[in-house]
Every structure is written in C-alpha cells, then in structure tokens.
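Worth saying up front: this structure is predicted, and the values here are computed from it rather than measured.
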Amino acid sequence: MNQTEKYQRLRALHTSGETFVIPNAWDSGSALLLASLGFEALATTSAGYAFSVGKRDSSTGLSRDEILENAAQIVAVTDLPVSGDLEDGFGASPAACAKTIEVASQIGLVGGTIEDATGDPDAPIYEMSHAVERITAAVEASRDRNFLLTARAENFICGRPDLVDTIRRLQAFEEAGADVLYAPGLPDLEAIRTVCRAVSKPVNVVMGLSSLTCSVADLSEAGVARISVGGSFARAAIGAVMRAAREVQQHGTFTYAKDAIPDATIRQIMLPTEDLQRED
C-alpha cells in the first residue's frame with residue numbers, strides 16, 4: 001500500500017464498527033513479529049523505544065529526531081499503517097505540534113498522538129485553552145496530509161484522576177477536529193463506558209498499564225473503537241529477559257530456553273540480509 005492507501009485503511013479500521021487492537025512496536029524487529037501475527041495496523045511506543053536504548057520514558061528526555069527516526073525504521077519494514085507516539089508534540093507551542101505532524105507525515109506515519117501533558121511535575125497538564133490550541137494546530141497540519149490525529153488527555157496518568165475534566169478535555173479536542181480520542185489510565189470499565197458515551201469520535205483505550213483486566217469483548221461492549229498496549233509488550237519482553245537472566249545467575253540452569261522463540265521461526269519472520277563484502 002502507498003501512504004494514501006495506508007491512511008485510508010487506518011481510518012476504515014476506526015469506522016468499521018468492530019473494535020480492533022493496534023499493538024505498539026518499539027523497533028523494527030518487534031514490528032515484524034507483530035505484523036507476522038496478522039494485526040492490521042501498528043503503533044509506536046515512546047516508552048518501549050526509551051527502554052530499548054536505556055532511557056526513561058520522558059517527553060523532556062526524548063527528542064523529536066530520535067523518536068521519529070525510530071518510527072521511520074518501523075514504517076520501513078512493514079506495509080501496515082503505522083501511527084506514531086508523538087509525545088507532547090515535542091514543544092509547548094501550537095507551532096511545535098504542527099511541525100511534529102508535518103515531519104511525522106513526511107517519514108511515512110499515517111497517524112499519531114499528541115498529549116496534553118507538560119513534563120513538568122509542578123504543572124503536569126497544559127491549561128485547557130492552551131491544550132486546545134495545540135490540538136487545533138495539529139489538526140490544521142494533518143489536513144491534506146493523510147494523517148489520522150489522536151488527541152490524548154493525560155489526567156489519570158499524571159496524578160489528576162478527574163473524570164469530569166478528562167471528558168471536558170476530550171470533548172474540546174473533538175470540537176477542535178481530532179479524529180480519535182484517548183485518555184490513558186482510566187480506572188475501570190464504567191469510566192471507559194462513560195467516556196465513550198460522552199464523545200462521538202472513536203475512542204482508544206490502552207491496556208497493560210495497570211491491573212485492569214477487561215477483555216477485547218468487554219471493551220467493545222463499552223464502545224471502544226481501538227485498543228493499544230503502550231509500552232506493555234516491551235516491558236513483557238524485558239521481563240522475560242530478566243527472568244531468564246535471574247535463572248542463570250541464581251540457579252545456574254537454562255530452562256528459560258524452552259519458552260524462547262525457535263531460531264527457525266524467527267528467521268522466517270525477519271528480513272533477509274544481503275551478504276557484506278568481506279576482506280580476504
């Protein structure tokens with residue numbers, strides 16, 4: 001698919017009436033693994049990327065260039081539509097958000113998220129009018145670019161568990177033209193259902209962040225259009241490495257290998273490599 005076709009496919013997934021899962025890849029290899037399982041679209045994850053390069057997930061500690069370079073590598077290895085985790089737009093101003101959308105589109109992303117978190121622990125969420133101005137600028141930049149914009153309200157993962165304000169923000173982002181609405185960290189299925197009823201645009205819910213144990217069927221019944229997993233797949237992979245390493249270090253055994261993906265299987269999934277010129 002070309003970029004227009006990818007965008008059309010991503011948009012169609014949101015309006016099909018069927019809840020779909022968009023898993024988050026953190027590098028080219030994880031993107032190939034997820035694509036091989038039959039998912040219809042992928043998202044990136046700033047958290048997963050950060051962990052893979054030994055950093056904490058922080059909008060103030062990850063640059064636009066490195067996040068988009070990672071996203072470009074994911075786009076390059078799959079024909080699936082890819083939506084990018086674009087943090088806070090990599091700048092406080094509406095112009096910074098617009099620039100991020102422009103560059104994201106240029107590298108082949110056909111969707112992306114802009115959040116209203118500031119990265120400042122003393123004032124973690126942008127004031128409402130400023131948050132809306134940022135989303136409005138991102139919407140304007142996404143027009144005629146084959147780009148599906150998701151607007152995120154970060155209250156619940158920034159220490160402000162205020163459902164009323166979260167809904168008010170999502171409704172304002174919807175009015176500003178956002179295509180998809182997203183409030184990570186909602187505490188339970190009833191809160192998710194309330195959010196879905198309060199807006200008319202498709203709603204994304206992230207799973208794997210907490211002990212919330214809703215199934216795809218539960219979320220579909222609540223009105224959710226899209227389910228992502230954030231950095232939880234990356235953390236699951238890291239957890240497997242930690243368990244294997246502790247087994248070897250503490251017990252001197254290697255039983256972890258029975259759960260490892262076979263080499264023959266992973267060779268079929270990964271891209272073939274060209275032979276390098278070698279010196280005699």
Side-chain angles (χ1 to χ4, degrees), residues 1-11 13-14 22-28 30-31 34-35 40-50 52-53 57-117 119 126 131 133-154 173 176-182 184 201-202 204 206 226 228 230-231:
M1 293 187 287
N2 61 35
Q3 191 159 346
T4 298
E5 291 168 335
K6 289 179 181 180
Y7 165 75
Q8 291 170 343
R9 179 57 183 153
L10 185 62
R11 178 172 284 280
L13 287 170
H14 288 80
I22 184 168
N24 300 73
W26 59 95
D27 59 15
S28 299
S30 60
L34 294 170
E40 297 183 271
L42 298 177
T44 69
T45 162
S46 62
Y49 165 74
S52 73
V53 295
D57 181 25
S58 167
S59 61
T60 58
L62 299 172
S63 71
R64 178 164 56 200
D65 286 348
E66 64 181 314
I67 287 291
L68 291 182
E69 180 180 353
N70 172 252
Q73 292 170 358
I74 291 170
V75 168
V77 299
T78 176
D79 286 331
L80 295 179
V82 180
S83 178
D85 180 350
L86 303 178
E87 295 273 1
D88 66 341
F90 304 102
S93 70
C97 295
K99 179 64 175 178
T100 294
I101 299 301
E102 292 170 8
V103 180
S105 177
Q106 290 168 2
I107 66 162
L109 290 171
V110 293
T113 61
I114 296 289
E115 60 195 45
D116 63 357
Y126 284 110
E133 288 174 1
R134 286 160 40 83
I135 294 300
T136 300
V139 168
E140 290 292 333
S142 69
R143 287 179 178 163
D144 302 321
R145 290 185 182 275
N146 292 325
F147 196 91
L148 196 79
L149 181 71
T150 298
R152 293 175 46 152
E154 304 285 286
F173 298 159
D179 300 298
V180 183
L181 305 169
Y182 179 11
K201 294 288 182 69
N204 181 93
V206 61
R226 185 179 84 187
S228 58

**Q** Can you measure from CG (Leu34) to OG1 (Thr78) and round to the nearest 0.5 angstrom?
**A** 9.5 Å
**Q** So, does Asn24 use its side chain to make a donor-acceptor pair with the main chain of Gly230 at under 3.5 Å?
**A** yes
**Q** Which distance, rounded to the nearest 0.5 Å, do you find between the OG of Ser46 and the CH2 of Trp26?
**A** 13.5 Å
**Q** Working to the nearest 0.5 angstrom, can you tell me the gap between Asp65 CG and Glu69 CD?
**A** 8.0 Å
**Q** When you measure from the side chain of Ser83 to the backbone N and O of Gly112, does any donor-acceptor pair fall under 3.5 Å?
**A** yes
**Q** To check you understand the geometry: which heavy-atom pair defines the closest contact between Ala96 and Gly91, and what is its length?
**A** CB-CA, 3.6 Å
**Q** Before giving the answer on side-chain hydrogen bond (donor to acceptor under 3.5 Å, both in side chains), spell out for Tyr49 and Glu66 the whole-Å C-alpha distance, their side-chain angles and the decisive distance to 0.1 Å.
**A** CA-CA 9 Å; Tyr49 165 74; Glu66 64 181 314; 2.9 Å; yes
**Q** Supply the atom-to-atom distance Arg64 CZ to Leu86 CG, rounded to the nearest 0.5 angstrom.
**A** 10.0 Å
**Q** Keeping Arg134 on the side-chain end and Asp88 on the backbone end, is there a donor-acceptor pair under 3.5 Å?
**A** yes
**Q** Can any side-chain N or O of Thr44 pair as donor or acceptor with the backbone N or O of Asp85 at less than 3.5 Å?
**A** yes
**Q** So, for Ser142 and Phe147, which heavy atoms are closest and what is the spacing to 0.1 Å?
**A** CB-O, 3.8 Å
**Q** Are there more than 12 heavy atoms of other residues, nucleotides or ligands under 6.0 Å from atom CG of Asp144?
**A** no
**Q** How long is the gap from CE on Met1 to CG on Leu10, to the nearest 0.5 Å?
**A** 9.5 Å
**Q** Distance check, rounded to the nearest 0.5 Å: Leu109 atom CG versus Thr100 atom OG1?
**A** 11.0 Å
**Q** Before you tell me yes or no, could you show the steps for Leu148 and Val180 under side-chain contact (heavy atoms from CB on, under 4.5 Å), namely the whole-Å CA-CA distance, both residues' side-chain angles and the distance that decides it to 0.1 Å?
**A** CA-CA 8 Å; Leu148 196 79; Val180 183; 3.9 Å; yes
**Q** Would you say Gln3's side chain and Ser105's backbone share a donor-acceptor pair under 3.5 angstrom?
**A** yes
**Q** Does a sphere of radius 6.0 Å around NZ in Lys99 hold more than 12 heavy atoms from other residues, nucleotides or ligands, not counting ones at 6.0 Å or beyond?
**A** no
**Q** Is it true that Asp179 and Arg11 make a salt bridge, defined as a side-chain N closer than 4.0 Å to a carboxylate O?
**A** yes
**Q** Would you name the heavy atoms of Pro23 and Ala41 that are closest together and state the gap between them?
**A** CD-O, 3.4 Å
